[in-house]
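Just so you know, these numbers come straight off a predicted model, no measurement behind them.
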Amino acid sequence: MNIKHLLFDLDNTLYPSTAAIDQGITRRMISFVADFLGLDFQQATERRVQRLPFFGTTLEWLKTEHGLTDIAAYFDAVHPPEEINELNQDPNLRPFLQSLELPMTILTNAPLCHAQRVLEFLNIADLFTSIHDIESNGFKGKPYPEAYHKALASSGFSIAETIFFDDHKKYTDGYQALGGQAVLVQHPSEANRTHPLDSRSEPDLLPQLVIPSVYQVPQVLEYLAAQS
């Protein structure tokens, strides 16, 4: 494959899922669900687990099934400014991404304010040509095809020229369903542990590679180049 462009998810992809911000976002999200639906925290957790597989995001579920209209209140609750205190600096990330020497774009189901906050904290905001967030995608982001197509159209690169990295298989599957190559970024501590460059495949889809962190991107590119 002749890869010319890298499309990255943000959270748990450019930084590890072991960061405290991951649990913080989930906790705040469930707390909002509990308050909005009049449930306790455990009930909200269970309800979200039941319904989320049918939707791209928790926000879409609440909008569609429960009539949520105050989206700003949702984002304020889930992504307060102090969330950045739950993330650690990684001084190696900027030089590493620069060493890839390929155009890079962000595609996230988080709001723009969160994406900018995280990218600026990690000192990598200027390395990406654009950010495609949930708001710019009409609150229907990954895994809807339009979200991927919009990011690609803005970048000027095709699906065949772009590899997509995300920590959710639902979203990497969405990209591969369009005929693209995706890579699942899955920290080794997660339940469904796999080894670097293991592959998962579905009928008529390209093999889906699995890596433990963003730092294995060069190995992915080398692997794909060798398959050409």
Starting from [Y], can I reach [X] by hopping between I/L/V/M/F/W/Y residues whose side chains sit under 4.5 Å apart?
X: Phe54; Y: Leu59; answer: yes
X: Leu52; Y: Met29; answer: no
X: Leu100; Y: Phe157; answer: no
X: Tyr144; Y: Ile71; answer: no
X: Ile30; Y: Ile21; answer: no

Worked check of side chain to side chain contact (heavy atoms under 4.5 Å, CB included) between Arg47 and Trp61: CA-CA 11 Å; Arg47 184 76 62 83; Trp61 162 49; 3.6 Å; yes
Find the distance between [atom1] ([X]) and [atom2] ([Y]) and round it off to the nearest 0.5 Å.
X: Glu65; Y: Glu60; atom1: CD; atom2: CD; answer: 9.5 Å
X: Ile131; Y: Leu112; atom1: CD1; atom2: CG; answer: 5.5 Å
X: Leu107; Y: Leu7; atom1: CG; atom2: CG; answer: 5.0 Å
X: Ile106; Y: Ser130; atom1: CD1; atom2: OG; answer: 9.0 Å
X: Leu93; Y: Phe96; atom1: CG; atom2: CZ; answer: 8.0 Å
X: Phe121; Y: Glu83; atom1: CZ; atom2: CD; answer: 11.0 Å

Test log, rule side chain to side chain contact (heavy atoms under 4.5 Å, CB included), inputs His149 and Leu178: CA-CA 9 Å; His149 286 307; Leu178 302 177; 4.0 Å; yes
Any side-chain heavy atom of [X] sitting closer than 4.5 Å to one from [Y]?
X: His5; Y: Thr105; result: yes
X: Ile3; Y: Leu221; result: yes
X: Phe164; Y: Gln176; result: no
X: Lys169; Y: Gln186; result: no
X: Tyr148; Y: Ile159; result: no
X: Phe165; Y: Val214; result: no
X: Tyr175; Y: Val183; result: no
X: Asn137; Y: Asp133; result: no

Can you tell me if [X] uses its side chain to pair, donor with acceptor, with the backbone of [Y] under 3.5 Å?
X: Thr108; Y: Asp9; answer: no
X: Gln23; Y: Ala20; answer: no
X: Glu161; Y: Ser158; answer: yes
X: Lys170; Y: Phe55; answer: yes
X: Lys150; Y: Ser136; answer: yes

Return the orientation label for the [X] and [Y] ring planes: parallel under 30°, perpendicular over 60°, tilted otherwise.
X: Phe8; Y: Phe128; answer: perpendicular
X: His114; Y: His79; answer: tilted
X: Phe36; Y: Phe32; answer: parallel

Minimum heavy-atom separation for [X] to [Y], with atom names?
X: Val78; Y: Arg28; result: O-NE, 2.9 Å
X: Thr13; Y: Asp167; result: OG1-N, 3.3 Å
X: Asp126; Y: Arg94; result: OD1-NH1, 2.8 Å
X: Ser17; Y: His187; result: OG-CB, 3.4 Å
X: Tyr74; Y: Thr58; result: OH-CB, 3.6 Å
X: Val33; Y: Ala44; result: CG1-CB, 3.9 Å

Could you tell me whether the side chains of [X] and [Y] share a donor-acceptor contact shorter than 3.5 Å?
X: Glu46; Y: Gln50; answer: no
X: Tyr215; Y: Asp90; answer: yes
X: Tyr171; Y: Asn109; answer: yes

Check against side chain to side chain contact (heavy atoms under 4.5 Å, CB included), Gln227 and Tyr223: CA-CA 7 Å; Gln227 305 306 306; Tyr223 175 82; 3.6 Å; yes
Side chain to side chain contact (heavy atoms under 4.5 Å, CB included) between Leu224 and Ile163, intermediate numbers included: CA-CA 10 Å; Leu224 293 176; Ile163 189 167; 3.3 Å; yes
Arg27 and Glu86: CA distance, side-chain angles, deciding distance, salt bridge (charged side-chain N to carboxylate O under 4.0 Å, His left out) verdict: CA-CA 13 Å; Arg27 183 181 63 254; Glu86 301 167 336; 3.7 Å; yes
